[in-house]
Protein chains: 2
Amino acid sequence: MSLVIVGTVAFDAIETPFGKTDKIVGGAATFAGLAASYLYDNVKLVSVIGDDFGDDNLDILRSKGIDVEGVEIVAGGKSFFWSGKYHNDMNSRDTLITELNVLADFDPKVPASYQDCEYILLGNLTPQVQMDTLARLDNKPKLVVLDTMNFWMDVALEDLKAVLKKVDVLTINDAEARQLSGEYSLVKAAKVILEMGPQYLIIKKGEHGALLFGEGQIFSAPALPLADVFDPTGAGDTFAGGFIGYLAKVKTINFTNMKNAIIYGSALASFCVEKFGTEQLQSLTATDIQARIKQFIALSKFEISE
Amino acid sequence: MSLVIVGTVAFDAIETPFGKTDKIVGGAATFAGLAASYLYDNVKLVSVIGDDFGDDNLDILRSKGIDVEGVEIVAGGKSFFWSGKYHNDMNSRDTLITELNVLADFDPKVPASYQDCEYILLGNLTPQVQMDTLARLDNKPKLVVLDTMNFWMDVALEDLKAVLKKVDVLTINDAEARQLSGEYSLVKAAKVILEMGPQYLIIKKGEHGALLFGEGQIFSAPALPLADVFDPTGAGDTFAGGFIGYLAKVKTINFTNMKNAIIYGSALASFCVEKFGTEQLQSLTATDIQARIKQFIALSKFEISE
């Protein structure tokens, strides 16, 4: 049984108030895969890259035990490239360059060895690619998690609604939840969205944490206040990878385990933003992660006995 | 021993997407006093009103056991009046009318019977009035909580810094914490602000909850996601009143009790916003409050055992 992650494997060039990078390894599937690899040992990626990506960069993934058989390499093609500049508050950014390159014609390949897929994360891509990937699995996975963004609500809403009927968990941010539902109150927004298909909705609020809706319950997860946020790129993908990686590890899908999965996803995301790109995510230890989980427990625990 | 609350007792006229009110009873000390009265039975107000306020409106406070001896009534004067209109998102509002009236010359009177003050909430007023009130107490209270806002940072920063040296707990919102400290990271902002005098800092984040900094620790309290926010007026004051009311009740000032105090303050604030003005705060029961506290526990509790 395996966890399959579909998404971009790409190059980023990032500028923040703290510095700037040349082209470094990025992409949603990269961040999510690295995060998941700390929690589950059978992670497989579906993506597309050009032959500019380089085998040494794929080794970053392989070294964490991540299967890259499903990462198609287009001969003579160039990998997806995104360049952005963060403002001083690190919460807003300008996109400087988006080169789709090989991503423009991404037709996801699901190798035969991936048909043992039990958990799948459909990273932020066109809803049609998300749907195609699901269709290429012989069996319906036990858990389908879908990440998307406002752009697809603007340009491919009907496709998005179609794929939402097939997912168990949707992850979006608060503005996107409001856009998708037409409701300002997140409680009402969640009600509308859960009627679109998913059984669970995660609303990501960045520095304000995340909300989980499902089974008639709500869970509010804190974000760890950090002294230095160095580079927010990939935090949401890291969160999603940690989330599904934890659920793959514990196997039982219910609200209680989803809460813990959100804490693990948040903890991994908090590491991600402390360095540029995937740097911090490449070198964590189990001890690092457990120490951070303890910080989350201390951060949110209170005991009222009346 | 008593809890003294200094602040406005006033009239508000409020317009929201859900309706509008004529002049109704409002003011920071009104909201804070009502909230505190559910948790502590010796609450005393210091404020100033005109004789337009009406004894029946003071009865709203007296009926909760709140001592209004320190509420000066200026003969022929008019009470402070604020009118505002909330936008559709309920997070932003326009002030339509601000009539300071008797508040313009507020010289806080501390009756002799208030000299047993052990806990004091200095509501959002000019820092000079906050300082004067403290100076008129014969003994330093066990706990001084101060609420303020960006306006005083703009026009009376030195006075504000002077009074901050005399307080134990400061409550401000996240934008104000950034303004006061000059730091964007709330962790760094808290460090700077705690060096200005307070031992504890509460950063209020509205629908995103609150953060408590102090004793080298951080606590992140959730806000209860609500289907309908009817009128946010007074939520921050209600939070502060519930916070100090809980601490007055439990008597021991430490980080553990402060965490619970924030949950009580948040619970009372969640009631406040469900109706116009003080309506909901006038009619709560202990059962209502305990049920809401249980919702906060369910909202934020998770258990990770590894």
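When reading the values below, keep in mind they use all heavy atoms of this one structure, side chains included, and skip hydrogens, waters and symmetry mates. Proteins come first, then strands; the chains are lettered A, B, ... in the order of their sequence lines, and each starts at number 1.
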Pairs under 3.5 angstrom only: tabulate donor-acceptor contacts from the side chains of residues 202-216 of chain B to other protein residues two or more places apart or in another chain.
from, atom 1, to, atom 2, distance (Å)
B:K204, NZ, B:D147, OD1, 3.0
B:K205, NZ, A:H208, ND1, 3.1
B:E207, OE1, A:R178, NH2, 3.2
B:E207, OE2, B:N91, ND2, 3.4
B:H208, ND1, A:K205, NZ, 3.1
B:E215, OE2, B:Y200, OH, 2.4
B:E215, OE2, B:F255, N, 3.2

With a 4.5 Å cut-off on side-chain heavy atoms, are A:I297 and B:F302 touching?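 Yes, close enough: below the 4.5 Å cut-off.
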Contact origin within [X] toward chain B - heavy atom pairs under 4.5 Å:
| X | result |
| --- | --- |
| A:A189 | neither |
| A:N257 | neither |
| A:I218 | both |

Checking B:K259 against A:I304 for the side-chain contact (heavy atoms from CB on, under 4.5 Å) test, could you report, in this order, the C-alpha distance in whole Å, the side-chain angles of both residues, the deciding distance, and whether it holds? CA-CA 9 Å; B:K259 293 197 291 186; A:I304 290 178; over 6 Å; no
Taking it one step at a time, do B:K188 and A:D228 satisfy side-chain contact (heavy atoms from CB on, under 4.5 Å)? CA-CA 9 Å; B:K188 289 183 177 175; A:D228 294 296; 2.8 Å; yes
Please say whether more than 12 non-hydrogen atoms of neighbouring residues, nucleotides or ligands are located less than 6.0 Å from NZ in B:K64.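 Atom NZ in B:K64 is crowded, with more than 12 foreign heavy atoms closer than 6.0 Å.
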Does any heavy atom of chain A fall under 4.5 Å from the side chain of B:A298, the backbone, both, or neither of them?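 Backbone only.
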For chain B, which residues of residues 219-226 of chain A have at least one non-hydrogen atom nearer than 4.5 Å to it?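 Counting heavy atoms that sit under 4.5 Å from chain B, the residues of residues 219-226 of chain A involved are A:F219, A:S220, A:P222, A:P225, A:L226.
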Counting heavy-atom pairs closer than 4.5 Å to chain A, which one of B:V187, B:I263, B:L299 comes out on top?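 Of the candidates given, the most pairs with chain A belong to B:L299.
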